[in-house]
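Written below as structure tokens is the structure these notes are about.
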2 protein chains.
Amino acid sequence: MAINRPERVTQRMIAELAGVSQATVSLVLNGKTDSTTRIPAETRQRVLEVIRETTYVADPAARSLAGVGNNLIGIFTYEHAFPHESSDFYTPLLTGIEGAAEQIGVDLLMFTSAPVVDGRRRLFHENNRLRLADGCLLLGREMDADELTRLVDSRYPFVAIGRRDAADGRIPYVGVDYGGATAQLARLAIDLGHRDFYYLHLPFAAESTRDRKDSLSAEVESAGLSVTMAVTESAEGADLDLAWAAIRKAQPTVLFVEDAGQAEALRDIAVADGVAVPEQLSIIALGERTRPSGHAVDFTRLSAPRQELGSRAVALLDQIMNGTRDSTELAHQQLVSCTVIAGATVAAPRVGSM
Amino acid sequence: MAINRPERVTQRMIAELAGVSQATVSLVLNGKTDSTTRIPAETRQRVLEVIRETTYVADPAARSLAGVGNNLIGIFTYEHAFPHESSDFYTPLLTGIEGAAEQIGVDLLMFTSAPVVDGRRRLFHENNRLRLADGCLLLGREMDADELTRLVDSRYPFVAIGRRDAADGRIPYVGVDYGGATAQLARLAIDLGHRDFYYLHLPFAAESTRDRKDSLSAEVESAGLSVTMAVTESAEGADLDLAWAAIRKAQPTVLFVEDAGQAEALRDIAVADGVAVPEQLSIIALGERTRPSGHAVDFTRLSAPRQELGSRAVALLDQIMNGTRDSTELAHQQLVSCTVIAGATVAAPRVGSM
DNA sequence: TTTCTGTGATGATACGTATAATCACTTTAT
DNA sequence: ATAAAGTGATTATACGTATCATCACAGAAA
């Protein structure tokens, strides 16, 4: 459907008013000064004056079509960008992105129109609008490997947030070094004297899940120990009760939980079940709630700098789109370090604790 | 700076591959079927087949230039859209906006590149990019009346969030009926027996501030009573201590506070000062924190349905941009009702309470 | 005078899409 | 038989901006 297009002020009108050609107006606006293209100060002033009076603004679409970038960064989120309930995974990321975008003077385009199938947005579909942006940021815990590969092949500038393996390692990303922090936390538990480890993680789909698992295994095994693993998807309900039953049976002294929400819920279940945390059972979360969430417990956990993640992703994308601005060339695959938060859910194990 | 433009698949290429003209491709894509423009099914299939193979996507900029809408809704926020600290005023709004945008299949363009002067973004500036979107949502507690007027005059489709007086009432908005809820809360206090009212509000700049003040005054005065008013801008520090000193001196039995953050802080100050809430002093907040914020007190307050505000604004903008879809024509100026939350900070006054 | 060199500005064109105007051809009506 | 109507597709053009190639002209050099 055609837009009810209000009369627009164009360069041609400016040109008429200033008594010059449209080309001259464009040259003035873009400040070109080749040896073959010269605008004397007097003419320049006259044109600028008219522009000021008419409140002319260039049509971004026309600029884009003419081959100039749009100063637009797209944001594609595989899930909803804004929290429908209380799980606001994206908010700190977006905060960082917004700040960086403002700094380099680009607008943000959120691809909310991408159709959702099987609970996830699809990047490619018949009315794919990625090209409206000069480049794109991809957010989401899991991403479709085929789509990523296709995107790389299309040579469209983009940066994934979170480490991505697909496409033979050709995917530019800014990720979180979950491995390093996980190893630190494992080391902490080992040093405290823990010997019976249990890890409750999410289903293996995202790289970040695998990273944590691998790192935890490696660290524990390097101490000649081993860790019992279990998977749970949901953060509530019967699944978690089942998970707790299994944990109870295994009698670990320290419990690692990938998902922060699950960690909170399990602590409550444990306490309700007469198991003191951390006296009888230490719990370490390999993730973090971004908001207080009403849960007062200060978990021993890792903390990902999501805001920094966002701003660094913008910087990288900017570089990919526009080339290096200064001498510092950014790596196309980056990991930012996690902080380890001591918290209050870890203690030395007691003999026969559970 | 020119974008490193990757080779794009254009309609012309599709046309060559399918053995038709570019125009035919366009016609197929747009499904036109005038009496003068007919595409037989066989040709249509052939073209669609080629498109499917080539992963062609239309260039939105070109479409826009050709006079077709972009299915883009702009979001202009006078302050940062995403919280830099913890005050996330916009998040629930954006949640509502995102959901509605997804439903009608439009993307969201956040104007983060607008330059900030005097701590606020400017709508109009030399590289105004509003036109990139088909229409625009305006968010912010206060908006520049001149800018709004200019926007109305430009006939650019937009909707303000929050009631706006400017431009002789020609501004389309979806606002919150603070007045109604404020009157209810005032009535509540009156009915409980309160006679000594005090109102601490923000500086008069936003319409919403004025609405609450007017409504509170009217309700209290209709009961033959009066309310002492005071202004404080900041939600912390010395200002608030001063404000409290003034309140203390006036000895009200019920304190209305516009800003929820101030209300929380004042309650803490009151309690620390030996004044029990609500036994000795009732406090009513005419606003709400969107997040728990660690403050456990359940304030008697009004609660604005911000998510609904967002989705209704999108619906209205959609109507303004595209005309009415079904028979229900939306009003260009709407107020959505507030909920009144009973809370635990109001009680009947005691004689000589403070 | 003629030729060269710089100066100031313009015309033409490309970008990719949408669509009105038109054309060639076939079938039906007169 | 010719005109009218219908069918399938194409050509031409507009949208607003950026930029290359070009031009007119003045003054300097030959």
Side-chain angles (χ1 to χ4, degrees), chain A residues 1-16 18-47 51 54 56-71 127-129 131-132 134, chain B residues 1-16 18-47 51 54 56-71 127-129 131-132 134:
Chain A
M1 175 185 304
I3 278 269
N4 178 11
R5 181 185 289 266
E7 64 287 350
R8 276 183 61 58
V9 182
T10 67
Q11 285 187 356
R12 201 171 308 280
M13 300 182 199
I14 304 289
E16 273 178 33
V20 294
S21 69
Q22 175 266 325
T24 302
V25 176
S26 175
L27 292 173
V28 166
L29 280 170
N30 294 286
K32 292 285 172 184
T33 317
D34 293 16
S35 60
T36 172
T37 300
R38 304 144 293 234
I39 309 282
E42 197 272 330
T43 306
R44 180 181 303 275
Q45 286 313 314
R46 187 154 37 95
V47 171
I51 290 178
T54 52
Y56 161 86
V57 290
D59 184 338
R63 282 175 65 86
S64 171
L65 197 57
V68 183
N70 253 341
N71 284 327
N127 237 32
N128 179 295
R129 297 157 57 75
R131 293 277 172 189
L132 188 48
D134 301 334
Chain B
M1 177 184 305
I3 278 269
N4 177 14
R5 182 185 287 265
E7 65 286 349
R8 277 182 62 55
V9 182
T10 67
Q11 285 188 355
R12 201 171 308 280
M13 299 181 199
I14 304 287
E16 273 178 33
V20 296
S21 69
Q22 175 266 324
T24 301
V25 176
S26 175
L27 292 173
V28 166
L29 280 169
N30 294 286
K32 292 285 172 185
T33 317
D34 293 15
S35 60
T36 172
T37 299
R38 305 145 292 234
I39 310 282
E42 197 271 332
T43 306
R44 180 182 303 275
Q45 285 316 313
R46 188 154 36 97
V47 171
I51 290 178
T54 53
Y56 161 86
V57 291
D59 184 338
R63 283 175 63 86
S64 172
L65 197 56
V68 186
N70 252 340
N71 284 327
N127 237 32
N128 179 295
R129 297 157 58 72
R131 294 277 171 189
L132 193 45
D134 302 334

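Naming: A, B, ... by sequence-line order, numbering from 1 per chain. Treat the numbers as computed from the prediction; the structure is a model and nothing was measured.
- Atom pair B:E16:CD and D:dA9:C1' shows a separation of 17 Å (rounding to whole Å applied).
- Here OG of B:S64 is found 9.5 Å from CG of A:L65. Values are rounded to the nearest 0.5 Å.
- For B:L65 and D:dA14, the CG to C1' distance is 9 Å, given to the nearest whole Å.
- The backbone N or O of A:A18 sits less than 3.5 Å from a side-chain atom of A:R46, completing a donor-acceptor pair.
- The side chain to side chain contact (heavy atoms under 4.5 Å, CB included) check on B:R38 picks up nothing, with sequence neighbours excluded.
- Here A:R63 does not reach the OP1 or OP2 of D:dG16: none of its side-chain N or O atoms lies under 4.0 Å away.
- Remark: B:S26 engages B:N30 in a side chain to side chain donor-acceptor pair (under 3.5 Å) (not counting sequence neighbours).
- Five base pairs at each end of the helix from C:dT1-D:dA30 to C:dA29-D:dT2 define two local axes, and these are offset by 80° (rounded to 10°).
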Review item, nucleotides 4-10 of chain C N/O atoms under 3.5 Å of protein N/O:
from, atom 1, to, atom 2, distance (Å)
C:dG8, N7, A:R38, NE, 3.1
C:dG8, N7, A:R38, NH2, 2.6
C:dG8, O6, A:R38, NH2, 3.0
C:dA9, OP1, A:T43, OG1, 2.9
C:dA9, OP2, A:T43, OG1, 2.8
C:dA9, N6, A:T36, O, 3.1
C:dT10, OP2, A:S21, N, 3.0
C:dT10, OP2, A:S21, OG, 2.9
C:dT10, OP2, A:T24, OG1, 2.6

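- In this structure, A:N30 atom CG and D:dC20 atom C1' are separated by 14 Å, rounded to whole Å.
- Between B:R44 atom CZ and D:dA9 atom P the separation is 11 Å, expressed in whole Å.
- Distance CG (B:D59) to C1' (D:dC15): 13 Å, rounded to an integer number of Å.
- The two residues B:R44 and B:G31 come nearest to each other via the heavy atoms NH1-CA, 4.2 Å.
- Here the straight-line distance linking atom CD of B:Q11 with atom CD of B:Q22 works out to 5.0 Å at 0.5 Å rounding.
- Evaluation of the side chain to side chain donor-acceptor pair (under 3.5 Å) rule for A:S21 yields A:T24 as partners, not counting sequence neighbours.
- Residue-level contact check: B:S26 touches the bases, meaning some heavy atom is under 4.0 Å from a base atom.
- For A:I14, the side chain to side chain contact (heavy atoms under 4.5 Å, CB included) test picks out A:V9, A:V25, A:V47, A:V50, A:I51, A:T54, A:Y56, with sequence neighbours left out.
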